[in-house]
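First the structure, in the form of structure tokens, and then the observations on it.
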Number of protein chains: 2
Amino acid sequence: MINIGIVEDNVKIRNLIQRFLDMQESMSCKVAVDSVEEMLDHLKEHEPPDVILMDIQLPGMSGIKGIGIIKKEYPDIEIIMLTVYHDSHKIFDSLVAGASGYLLKHTSLPEIKESIENLVAGGAPMSPQIARKVIEHFNKPEPEKKPKSDLTAREQDIVNGLVDGLSYKLIADRYDISIDTVRAHIRNIYKKLHVNSKAEVIAKSLRGEI
Amino acid sequence: MINIGIVEDNVKIRNLIQRFLDMQESMSCKVAVDSVEEMLDHLKEHEPPDVILMDIQLPGMSGIKGIGIIKKEYPDIEIIMLTVYHDSHKIFDSLVAGASGYLLKHTSLPEIKESIENLVAGGAPMSPQIARKVIEHFNKPEPEKKPKSDLTAREQDIVNGLVDGLSYKLIADRYDISIDTVRAHIRNIYKKLHVNSKAEVIAKSLRGEI
DNA sequence: GCACAAATCACATATTCATGTGAATTTGAA
DNA sequence: TTCAAATTCACATGAATATGTGATTTGTGC
């Protein structure tokens, strides 16, 4: 018997899913609340469910924040997000927070049931569209890197020197130019990047923002 | 009509899948070969299929290597891996190489059909077990980070200030301490990290070495 | 040829940083 | 309690950096 909890603020949807799941022979769904806070209250005084279906947009604490809190206290509870949001950011945040699955709300009741069964069998239910976005995160982690700061080749050299922790003097030696030239380049780099210290240049560079 | 190609060296499986898919009204599967090399030869002289089902363990070039070559030449072809391997490494390599889906070989024929339909509809078919491993990659990407540089909490604060590009003065203001205290902390940080400039601390920190 | 950006160099100065030395207070572990 | 580490502050000095104001040379495009 799989025990299921629901956190969903839309009463109609919540009741629909609860009734359907509770009707299944292998499942029990007695707890359906409309906020993370209520679920936390419930968990304090009752046996925790095996699986929680959770919305993202909720009154009070967001579902994504809720994942972290619930998983921290009750690491054995598996959480499936059930939401209308299909933007990469929310998906990613949910999975990083500890969700084990991510379904879109147009998912049919039998599919939800199947997803829960999948989950307890060691799988991770995901709508195919979600899986697609997850995969895209994998195979192109740098499609949007176009900081394009218009640094000239020489300026990039100087930045590399800074990142290597070199002083102006050492950079000058490395490229066999005068320290005043290094200063001049750095002045221009600062202008282009809108910064005013080595530290910021190094930070920007290592963050991939150059 | 979805055009499908198969690369699979097990003749029985290959024929079975080919016959089943070709039988579908919305699909056509005329090309079924047993190596990436043969598929490449075929692609040179024929219209490329929309989707290729690909095994990993193949005579000659591996399926994972094949993904990269095929996607480079024919970026519009969607590739679904169909294999017995469920280890994270092969899954990850396949997705990074450009596969759009990953199914295990025990997947039923109707599920394969459904997966292909999912794929052309913009989804990414994955067995739930595979999805699970993919998710695990997401929500614990830092099990191996053990730089452990023994910085105290306060020292870490100072490092954060440096990374934010602040001057000693501004760090002092941020934490409401004197600039000499900041100096003292930085002195200790330099000792612990064996460096001797802000630049190096920032670089180390942003590289995750602190 | 001419305008213009890039790269080079120079001199000057105020600020910030690195480092040395010394010390008081707090805190947690032995 | 006693000791070590952490945190706090002070004073001092030479090195490095940030910024201003120049200038020369070279290559590119129009």
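Naming convention: chains lettered A, B, ... in sequence-line order (proteins, then strands); numbering from 1 in each chain.
- The shortest distance between side-chain heavy atoms of B:I80 and B:I52 does not fall below 4.5 Å.
- Among residues two or more places apart in sequence or in another chain, the salt bridge (Lys or Arg N to Asp or Glu O under 4.0 Å) test is passed with A:D9 by none.
- Atom CG of B:D176 and atom P of D:dT7 are 16 Å apart (whole Å).
- When DNA chain C is scanned in the 5' to 3' direction for atoms under 4.0 Å from non-hydrogen atoms of chain B, the outermost contacting nucleotides are C:dC17 to C:dT21.
- Within the structure, no pair that satisfies the ring-ring contact (aromatic ring centres under 6.0 Å, His included) test touches residues 113-136 of chain A, not counting sequence neighbours.
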Side chains of residues 113-128 of chain A: which donor-acceptor partners sit under 3.5 Å, not counting sequence neighbours?
| residue | atom | partner | partner atom | Å |
| --- | --- | --- | --- | --- |
| A:K113 | NZ | A:Q24 | OE1 | 3.3 |
| A:S115 | OG | A:E111 | O | 2.8 |
| A:S127 | OG | A:L104 | N | 3.1 |

Contacts under 3.5 angstrom, residues 170-177 of chain A side chains, donor-acceptor by atom type, not counting sequence neighbours:
| residue | atom | partner | partner atom | Å |
| --- | --- | --- | --- | --- |
| A:D173 | OD1 | A:K169 | NZ | 3.0 |
| A:D173 | OD2 | A:K169 | NZ | 3.1 |
| A:R174 | NH1 | A:D164 | OD2 | 3.2 |
| A:R174 | NH2 | A:D164 | OD2 | 2.8 |
| A:Y175 | OH | A:D157 | O | 3.1 |

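- In this structure A:E155 satisfies the salt bridge (Lys or Arg N to Asp or Glu O under 4.0 Å) test together with A:K192, sequence neighbours excluded.
- Note on residues 39-53 of chain B: no pairs pass side-chain hydrogen bond (donor to acceptor under 3.5 Å, both in side chains), not counting sequence neighbours.
- For B:D34, the salt bridge (Lys or Arg N to Asp or Glu O under 4.0 Å) test picks out B:R14, with sequence neighbours left out.
- For residues 61-84 of chain A, the salt bridge (charged side-chain N to carboxylate O under 4.0 Å, His left out) pairs, not counting sequence neighbours, are A:E78-B:R132.
- Scanning for ring-ring contact (aromatic ring centres under 6.0 Å, His included) contacts around B:H86 gives an empty result, with sequence neighbours left out.
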Footprint string (nucleotides 15-30 of chain D, 5' to 3'): B base within contact, S backbone only, - free, heavy atoms under 4.0 Å: --BBBBB---------

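- Comparing the axis of the opening five pairs of the helix from C:dG1-D:dC30 to C:dA30-D:dT1 with that of the closing five pairs yields an angle of 60°, rounded to 10°.
- A:T181 comes within contact range of at least one nucleobase, with a heavy-atom separation under 4.0 Å.
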